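As structure tokens, the structure follows; a few thoughts come after it.
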Amino acid sequence: MLLHIPRILSPEKAAEIRGRLEAADWADGRETVGPQGARVKRNHQLPDASPLKAELGQMVLDALQASPLFFAAALPLRILPPRFNRYTGGGQYGFHVDGSVMRQADGSHIRSDVSCTLFLNDPDDYDGGELIIADTYGEHEVTLPAGDALVYPSSSLHRVAPVTRGARIASFFWIQSMVRDDARRRMLFEMDTSIQKLIADGADEGATLQLTGVYHNLLRSWAET
Ligand SMILES: O=C(O)CCC(=O)C(=O)O
Ligand SMILES: [Fe+2]
């Protein structure tokens, strides 16, 4: 499931993070991928050991905590510390699939079920830079306003088109979901959003209670914790 999540960060918070990133020491993005990714990856990232990465990453995690839509869509169990990237001067990231199991600093591992790009500047600031995700319906091209995020299955082939003017700045990270299967996670998300709408529309209480029970019982049988 591809889902646009508006306003994870307010425009002010996104601007604050951008300001902090302006003076940052960027490293070659190829340092954090395997050989397959390195062949097609041409961008910059904050180094994993950078204190700024940890500080800004915590701001992103705090903002995610406050987003019920992100929670409903990703059903996060663990989130890898957010990273930050920048594409300029033709920088791009060719088609690749994200690593399936990622090692954390403490030696534990996270399975990537859901990938997320949180856009930190507006599409007017650059040309190109579309996040292009391939699925069975074809290719979806996405650029979003600063502060908005896209979640997409980590299993999908995706790429970032060359940035031919300006700079594209984003945070990106991976989530191990309580529900590993994308199709199940999508059904739960759709059920959750319809229940919320029925409740907001004042639907019959007994019926919404029963549906809420079905939601939780499905989650109970599918969730890994
Ligand atoms: O920059 C992006 O939007 C995505 C980056 C990406 O796909 C990755 O680093 O694996
Ligand atoms: Fe990726």
Side-chain angles (χ1 to χ4, degrees), residues 1-6 8-9 14 17-18 21 24 26-48 50 53 56-57 60 63-64 70 73-74 78-104 109-135 139-177 182:
M1 173 175 71
L2 258 59
L3 187 75
H4 170 191
I5 304 183
I8 296 276
L9 296 170
I17 295 182
R18 258 192 338 262
L21 287 171
W26 294 93
D28 191 321
R30 280 173 286 199
E31 285 172 14
T32 55
V33 274
Q36 175 243 354
R39 283 212 321 271
V40 291
K41 189 173 183 185
R42 298 288 176 272
N43 69 357
H44 292 103
Q45 281 179 205
L46 286 194
D48 270 351
S50 145
K53 171 189 173 263
L56 301 183
V60 170
L64 293 174
F70 173 79
R78 299 192 190 101
I79 303 178
L80 211 77
R83 288 178 171 160
F84 295 84
N85 65 15
R86 185 185 65 174
Y87 302 76
T88 50
Q92 62 176 305
Y93 195 171
F95 265 126
H96 64 279
V97 65
D98 293 332
S100 49
V101 178
M102 313 224 179
R103 192 171 190 278
Q104 300 200 87
H109 291 83
I110 283 191
R111 185 188 63 233
S112 60
D113 296 319
V114 179
S115 301
C116 184
T117 295
L118 171 60
F119 291 79
L120 291 173
N121 63 342
D122 282 320
D124 291 351
D125 295 346
Y126 54 90
D127 288 335
E130 297 85 359
L131 176 56
I132 300 170
I133 295 151
D135 70 13
E139 292 184 3
H140 307 271
E141 290 193 10
V142 183
T143 42
L144 295 175
D148 288 16
L150 187 82
V151 294
Y152 50 103
S154 300
S155 53
S156 65
L157 276 181
H158 55 276
R159 72 183 179 98
V160 176
V163 171
T164 53
R165 177 187 63 87
R168 173 197 191 268
I169 300 163
S171 175
F172 65 102
F173 46 91
W174 292 277
I175 300 129
Q176 178 168 341
S177 177
D182 188 60

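Counting convention: from 1, in listed order, for ligands and their atoms alike. In this text the structure is predicted, and so the values were computed from the model without any measurement.
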- [ ] Return yes if some donor-acceptor pair links the side-chain N/O of Asp113 with the main-chain N/O of Gln176 below 3.5 Å, else return no.
- [x] no

TODO: Can you label the angle between the His96 ring and the Tyr93 ring as parallel, tilted or perpendicular, going by 30° and 60°?
DONE: parallel

Open item on the list: I'd like to know if the side chain of Ser177 reaches the main chain of Ala74, judged simply by a donor and an acceptor atom lying under 3.5 Å from each other, with no hydrogens or angles considered.
Closed with: yes

Task: Side-chain donor or acceptor of Asp122 paired with backbone N/O of Asp124 under 3.5 Å - done: no

Open item on the list: Strictly distance-based, threshold 3.5 Å: is any side-chain N or O of Arg168 a donor or acceptor partner for the main-chain N or O of Gly129?
Closed with: yes

Task: Count, waters excluded, of protein N, O or S atoms under 2.8 Å from the Fe ion (ligand 2) - done: 3

Open item on the list: Check Asp125 with Arg165, please: is the shortest side-chain N to carboxylate O separation under 4.0 Å?
Closed with: no

Check each N or O atom of ligand 1 against all protein N or O atoms and list the pairs under 3.5 Å, with atom names and distances to 0.1 Å, one per line.
| from | atom 1 | to | atom 2 | distance (Å) |
| --- | --- | --- | --- | --- |
| ligand 1 | 1 (O) | Asn85 | ND2 | 2.9 |
| ligand 1 | 1 (O) | Tyr87 | OH | 2.8 |
| ligand 1 | 1 (O) | Arg168 | NH1 | 3.0 |
| ligand 1 | 3 (O) | Thr117 | OG1 | 2.9 |
| ligand 1 | 3 (O) | Arg168 | NH1 | 3.3 |
| ligand 1 | 3 (O) | Arg168 | NH2 | 2.9 |
| ligand 1 | 7 (O) | His96 | NE2 | 3.1 |
| ligand 1 | 7 (O) | His158 | NE2 | 3.1 |
| ligand 1 | 10 (O) | His96 | NE2 | 3.1 |
| ligand 1 | 10 (O) | Asp98 | OD1 | 3.0 |

Open item on the list: Treating Asn121 as the side-chain partner and Ala167 as the backbone partner, does any N or O pair qualify as donor plus acceptor under 3.5 Å?
Closed with: yes

- [ ] Report yes or no: does Ser154 contribute a side-chain atom to a donor-acceptor pair with the main-chain N or O of Val114 at less than 3.5 Å?
- [x] yes

Task: Ser156 (side chain) donor-acceptor with Ile133 (main chain) under 3.5 angstrom - done: no

